[in-house]
> 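The structure follows.
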Amino acid sequence: MNEYEKLLENVSDKYHIYRGAKEPENDWKARVIYSICGMMAYTSLWDDEKSISIVHLKRRVRRILKDYLSLYPSVSNEFPAFTADEEAEKVSPYPTTIEDEVADHFLKTGVVYHKPYRIVPAMKHEEKIDNICFQRGLAPESISCVSGLGFYSLVKEASSLAEEAKEMKDIRDMFGLSQDNLKTVWEKTLSAASWKSVKPFETPTKYLLLNPPFSYGYWTNKPDKTGQVSILRTGQEGALLYYLYRYENNKLKVSPLPPWQVESHNYRALSCALLSENQTLPPIEYSVDGSLVHVHLNYLLPPRELHFLKLYSWPERANILPSNFHRKLTKVVFTVMRKILTEEGYAFKEK
């Protein structure tokens, strides 16, 4: 067994997946195995000269995970139970297995591109910010550092102030993050509003919750009638319409929100912007454990920002997926990610 223990240590040292100061051994082993699954999935993209199928990638992850858990059975409880092969190969909108999670993160962060029934690796792209160079599309043998499923390298040279501004823009372009901070997002949305008086909607309608606690959801059946501008959604699931709304003299006024701004959970950018303006957006909490940082989201980030965070982090508990609110990541990556999100307007609080 000693040779197997050395195997994980070697991977940990090579890719900078260091154990937290107080991290239980099995938690660290699970993180290393999780990242190995990601690297082997990434390597499988070169199994065919042109492209591979998503099923091929997921089968690779599944096989690698089974092999490692046979070597480290004490870690088995750290991962979801295996399902039948035919179930594992189904496309799920919400990742519930490690193979689902890897495929989902790769697709949603541009690590791979989707062609009909096939996927291909992205072209090489590297963007530096502070002492981190975020990477994708590099050859598997060029991977030097891994946090979660994301690849990066360490940079020694400091940047000038002018370079830092460009680096911030370039990293946002790379991962499709918002170029506007939350205040600007809300101001632009209000300036584009076109208000009209309407009768209360007859279809099921929910109103954005403006004050914590948010632990039971972000929507309420009761509108805010104080005159505060807020957000409502109405209609049936799958065909929801979103509006800005406010009450004036006890009369409802609305302004429709364009689909691109709200579909696929993009409404969360507006939700965060509104709560930030209202000074009720909860901070992102974190705690430092040596070279590891644990992150707790008290309110979900917009999709692109959330996918970026999840690519470069591990689920706090990988046996229950998806894990959106509780993540952990390498401290050097967290430091840069905190800088990126702080500039967008998100607050951080150390626990």
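What you see is a predicted model; the values in this text were computed from it and never measured. Numbering of residues begins at 1 and proceeds along the displayed sequence. All values below were derived from every heavy atom in this structure, side-chain atoms included, with hydrogens, water molecules and symmetry-related copies excluded.
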> Check side chain to side chain donor-acceptor pair (under 3.5 Å) between Glu167 and all other residues, then give those that pass, not counting sequence neighbours.
Lys128, Ser159

> Just by distance, do the side chain of Arg19 and the backbone of Trp28 share a donor-acceptor pair under 3.5 Å?
no

> Could you check Asn131 against Lys156 for side chain to side chain donor-acceptor pair (under 3.5 Å), going step by step and ending with a plain yes or no?
CA-CA 6 Å; Asn131 62 331; Lys156 293 181 180 180; over 6 Å; no

> Taking the side chain as C-beta and beyond, is there a heavy-atom pair between Phe175 and His307 under 4.5 Å?
no

> When you measure from the side chain of Thr280 to the backbone of Leu210, do you find a donor-acceptor pair of N or O atoms at a distance under 3.5 Å?
yes

> Quick one: pull up CZ in Arg60 and OG in Ser44 and give me the separation to the nearest 0.5 Å.
5.0 Å

> Any sub-3.5 Å donor-acceptor pair from Arg246's side-chain atoms to Gly227's backbone N or O?
no

> Does the pair Phe308 and Phe134 meet the rule for a ring-ring contact (aromatic ring centres under 6.0 Å, His included), with working shown?
CA-CA 11 Å; Phe308 177 44; Phe134 292 98; 5.5 Å; yes

> Does Tyr346 use its side chain to pair, donor to acceptor, with the backbone of Leu182 at less than 3.5 Å?
no

> Show your working on side chain to side chain contact (heavy atoms under 4.5 Å, CB included) between Arg317 and Glu78 and close with a plain yes or no.
CA-CA 7 Å; Arg317 298 251 61 91; Glu78 304 295 326; 2.4 Å; yes

> Say whether, by atom type as modelled, one donor and one acceptor occur between the side chain of Ser12 and the main chain of Leu8 under 3.5 angstrom.
no

> Please evaluate residues Gln135 and Ser142 with respect to the criterion side chain to side chain donor-acceptor pair (under 3.5 Å), reporting the C-alpha separation (whole Å), side-chain torsions for both, the decisive distance (0.1 Å), and the verdict.
CA-CA 10 Å; Gln135 301 170 311; Ser142 299; over 6 Å; no

> What distance do Leu209 atom CG and Asn221 atom CG have between them, rounded to the nearest 0.5 Å?
11.0 Å

> I'd like to know if the side chain of Thr205 reaches the main chain of Thr203, judged simply by a donor and an acceptor atom lying under 3.5 Å from each other, with no hydrogens or angles considered.
yes

> For Tyr68, enumerate each residue passing the side chain to side chain donor-acceptor pair (under 3.5 Å) test, keeping only those at least two apart in sequence or located in another chain.
none

> Return yes if some donor-acceptor pair links the side-chain N/O of Asn181 with the main-chain N/O of Lys183 below 3.5 Å, else return no.
yes

> Are Lys6 and Glu9 close enough for a salt bridge, meaning some N to O gap below 4.0 Å?
yes

> Taking NZ, NE, NH1 and NH2 as the nitrogens, is one of them in Asp173 or Lys169 under 4.0 Å from a carboxylate oxygen of the other?
yes

> Do NZ/NE/NH1/NH2 and the carboxylate oxygens of Arg172 and Glu344 come within less than 4.0 Å?
yes

> Walk me through it: do Asn278 and Asn211 pass the test side chain to side chain contact (heavy atoms under 4.5 Å, CB included)?
CA-CA 9 Å; Asn278 199 43; Asn211 295 289; 4.0 Å; yes

> Nearest 0.5 angstrom please: Thr189 OG1 to Glu187 CD, how far?
10.0 Å

> Applying salt bridge (Lys or Arg N to Asp or Glu O under 4.0 Å) between Glu99 and each of Arg62, Lys58, Arg59, report the one that passes.
Arg62

> Between Thr220 (side chain only) and Lys222 (backbone N and O only), is there a donor and an acceptor less than 3.5 Å apart?
yes

> Would you please test Ser35 and Trp314 for side chain to side chain contact (heavy atoms under 4.5 Å, CB included) and show each step?
CA-CA 8 Å; Ser35 293; Trp314 296 270; 2.9 Å; yes

> Going from CZ on Phe325 to OG on Ser215, what distance comes out if it is rounded to the nearest 0.5 angstrom?
10.0 Å

> Quick one: list whatever passes side-chain contact (heavy atoms from CB on, under 4.5 Å) with Ala122, sequence neighbours left out.
Tyr113, Arg136

> Find the distance between CE (Met337) and CD1 (Ile171) and round it off to the nearest 0.5 Å.
8.5 Å

> Are any side-chain N or O atoms of Ser291 and backbone N or O atoms of Gly20, one a donor and one an acceptor, separated by less than 3.5 Å?
no

> Membership question, hydrophobic clusters at under 4.5 Å side-chain separation (ILVMFWY): are Ile320 and Ile98 in the same one?
no

> Report yes if the side chains of Tyr299 and Cys272 come closer than 4.5 Å at any heavy-atom pair, otherwise no.
yes

> Do you know which of Val120, Ile52, Leu45 makes side chain to side chain contact (heavy atoms under 4.5 Å, CB included) with Val112?
Leu45

> Group every Ile, Leu, Val, Met, Phe, Trp and Tyr by side-chain heavy-atom contacts under 4.5 Å, then state whether Ile231 and Tyr247 land in the same group.
no

> Between the side chain of Ser153 and the main-chain N/O of Ser144, is any donor-acceptor distance below 3.5 Å?
no

